[in-house]
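Worksheet for the structure shown next.
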Amino acid sequence: GDRLAVSAKDWPNREIHGVFIRGTETFPLPPGKTTVTAAHGFEYRAETQVVELKEGQSPTVELKLQRVTNMRAAGWVAGDSHVHMIHGENQRKTGYADVATTCEANGLDFAYVAQELVGAGQLDLAGYEAECAKVSTDSFRLLVGGERPQDLLGHQTLLGATNPYVISNEVPYYKAARTIHAQGGISLYVHPLRYYPQKQYQEKWIDFPGNNLARELVYDAFLGPSFDGLSVLSDEPSNPNAHTLWFSLLNRGLFVPVFADSDATFDRPTLGMHAPGFWTTYFYVGPGGKIDHATLTEAVRKGQTFATTGPLLQFRIGDAISGATLPPGSTVRTVKIDAWLPQHAFTLEKSAIGKIELIRNGIIVKTWEPHTTEAHVAHAISETEKCWYTVRVSGEDAPWQVGVASPIYFAAQPIPQKRAPFATTVRGRIYDFKTGLERAGTVEIRRDDRVLKSFPARGRFRVKMPLDAEIIVRAPNS
């Protein structure tokens, strides 16, 4: 049946319906006039035929889709790192083929599928990977991922980790980030502004009110950041608070590539607005590049991503793409922006590019309003100071059709992916818990098993230490 089932009678007041198939399928339908529309993600123009169905006849409808741009040939691959096979609702039977078919049919080149997976309790990690491999094709890969860490202070997804199942969900999240990075993976905050306070268990707060909200994000940002990207297009792609949050991180000199995420849940009756392929992140792997953990995580580390819920874009300053750092100076450079939107990506109705915005340090500096399905614009700039630029493309349905590119930076030196964790001065006191008398001891500042500092102290002390370190005080002879 209808895998989307979004009615205009309900928020967000759009009609969105469809099924996902691989090439050929047979459908039982009642007699009468029937409209059939086929689409294949953002890069193809949808095609429609109207047929008159008669009792006892089985007509064939062949729809040939025209590709409006080939992002894969340009080196970009489309994916989603936030897809749940079994979320816990168990309202619908699903499996690996179900997830893979939906993702590939809606235009994705790959997807990371998160917990739980069919076979939990019987399969190990190698078993999950084998099942994903069975449903992967030459044009699509299903990979094992995870929504970890996820606890009371926000949710992250990971990709490229060799074993997602050993990643801790506990706070603070920077400890999980170290494990992810040690495995060669990356992590990103998803639905950072989602807030669902509700009492669901005996009129008591379940876990913590609104635990999807990324409460730890600001703390983690001061750690380098400890995360590797931010899903700006999540839940509501035009939410100004999400865009402002991202701009704020960038304005503090942090390297934060942009993402989109669907948070699709396949064991619910329908996917609704959260179907994979509606919320897509493109990764630059180069023309002919492979799709694997190494190439995808490398694209993130280089900042070579863009996120979209429909509009496709190419953003360059000169020959530089997202993630690059250019030297400031008197040189005049040309910003080039290519954009495509063959139809509304959700409803498949006719649409067009409503607005293209060139953004510098979070401020819109140039706007174009082409109202066409394809646009190519340019603008000359000359930068003498440190800054960053991004591009945002909106469809005529601006609340839901948004594309945004990771920044291109201007700086004397390349913007580092990670900075040293912020260091702060901590004041402490060593004393006897029973008597309150001050005692002597050895103060250690440790990061995991490594001692960063060690010194003797008696009573009050102060020390400057990074935020991701811990204080341990040892009594004499302990």
Side-chain angles (χ1 to χ4, degrees), residues 1-22 25 27 39 41 79-108 110-121 128 131-132 135 140 142-148 150 154-157 164 169 190-201 206-207 210-213 231 233-237 259-281 309 345-348 400:
D2 188 354
R3 291 295 290 122
L4 302 175
V6 178
S7 171
K9 297 178 182 179
D10 304 314
W11 184 90
N13 310 116
R14 308 291 193 278
E15 288 287 340
I16 307 173
H17 307 278
V19 294
F20 300 94
I21 66 171
R22 271 185 167 154
E25 189 63 78
F27 299 96
D80 187 352
S81 67
H82 194 186
V83 175
H84 293 280
M85 183 179 293
I86 301 175
H87 190 264
E89 286 82 347
N90 289 313
Q91 297 168 310
R92 174 183 177 274
K93 188 176 180 180
T94 185
Y96 296 87
D98 180 31
V99 175
T101 297
T102 301
C103 293
E104 185 176 10
N106 216 19
L108 295 184
F110 71 92
Y112 279 89
V113 64
Q115 67 271 30
E116 280 295 334
L117 307 186
V118 171
Y128 292 140
E131 292 299 317
C132 287
V135 297
F140 175 81
L142 189 65
L143 301 161
V144 178
E147 187 171 12
R148 299 171 185 268
Q150 56 165 333
H155 293 195
Q156 297 182 20
T157 61
N169 277 326
V190 293
H191 47 66
L193 302 183
R194 184 184 293 177
Y195 189 72
Y196 293 153
Q198 54 185 324
K199 297 179 179 181
Q200 291 186 336
Y201 180 71
I206 182 168
D207 291 332
N211 73 75
N212 283 260
L213 189 68
S231 184
L233 308 189
S234 186
D235 289 341
E236 297 178 62
F259 284 79
D261 76 284
S262 68
D263 200 5
T265 301
F266 275 79
D267 62 346
R268 291 176 182 167
T270 62
L271 293 164
M273 296 281 286
H274 292 277
F278 285 173
W279 310 74
T280 299
T281 305
T309 56
F346 295 5
T347 67
L348 303 184
W400 293 101

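Not measured: the values here are computed from a predicted model.
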>> Between Val83 and Ser262, is the side chain to side chain contact (heavy atoms under 4.5 Å, CB included) condition met? List the steps.
In response: CA-CA 7 Å; Val83 175; Ser262 68; 4.0 Å; yes
Between [Y] and [X], is there a side-chain heavy-atom distance shorter than 4.5 Å?
| X | Y | result |
| --- | --- | --- |
| Asp263 | Arg194 | yes |
| Ser81 | Thr281 | no |
| Val19 | Phe27 | yes |
| Phe20 | Leu271 | yes |
| Trp279 | Thr309 | yes |

[atom1] of [X] to [atom2] of [Y]: how many Å apart, nearest 0.5 Å?
| X | Y | atom1 | atom2 | result |
| --- | --- | --- | --- | --- |
| Tyr112 | Cys132 | OH | SG | 10.5 Å |
| Tyr128 | Leu142 | OH | CG | 13.5 Å |
| Thr280 | Leu233 | OG1 | CG | 10.0 Å |
| Thr270 | His17 | OG1 | NE2 | 11.0 Å |
| Gln156 | Asn169 | CD | CG | 10.0 Å |
| Trp400 | Ile16 | CH2 | CD1 | 8.0 Å |

Shortest non-hydrogen contact between [X] and [Y], atoms and distance:
| X | Y | answer |
| --- | --- | --- |
| Pro192 | Ser231 | CD-O, 3.4 Å |
| Gly95 | Val118 | CA-CG2, 3.9 Å |
| Leu348 | Ala39 | CD2-CB, 3.6 Å |
| Gly18 | Asp2 | N-OD1, 3.0 Å |
| Glu147 | Ala114 | N-CB, 3.7 Å |
| Phe140 | Leu108 | CD1-O, 3.3 Å |

> Going through the distances and angles, do Thr102 and Phe266 end up as a side chain to side chain contact (heavy atoms under 4.5 Å, CB included)?
Replying inline: CA-CA 10 Å; Thr102 301; Phe266 275 79; 3.5 Å; yes
>> Does anything in residues 264-279 form a salt bridge (Lys or Arg N to Asp or Glu O under 4.0 Å)? List the pairs, not counting sequence neighbours.
In response: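 As it turns out, the salt bridge (Lys or Arg N to Asp or Glu O under 4.0 Å) pairs with a partner in residues 264-279, which skip direct neighbours, are Glu89-Arg268.
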Backbone N or O of [Y] within a donor-acceptor pair of the [X] side chain at under 3.5 Å?
| X | Y | answer |
| --- | --- | --- |
| His84 | Gln115 | yes |
| Asn106 | Pro276 | yes |
| Glu15 | Ala8 | yes |

> Does the side chain to side chain contact (heavy atoms under 4.5 Å, CB included) test come out yes or no for Asp235 and His274, once each step is laid out?
Replying inline: CA-CA 8 Å; Asp235 289 341; His274 292 277; 3.6 Å; yes
>> For His191 and His82, I'd like to know if the aromatic rings sit close, meaning centre-to-centre distance below 6.0 Å.
In response: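 For His191 and His82, the ring centres are under 6.0 Å apart.
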> Can Asp98 and Arg92 be said to form a side chain to side chain contact (heavy atoms under 4.5 Å, CB included), step by step?
Replying inline: CA-CA 11 Å; Asp98 180 31; Arg92 174 183 177 274; 2.7 Å; yes
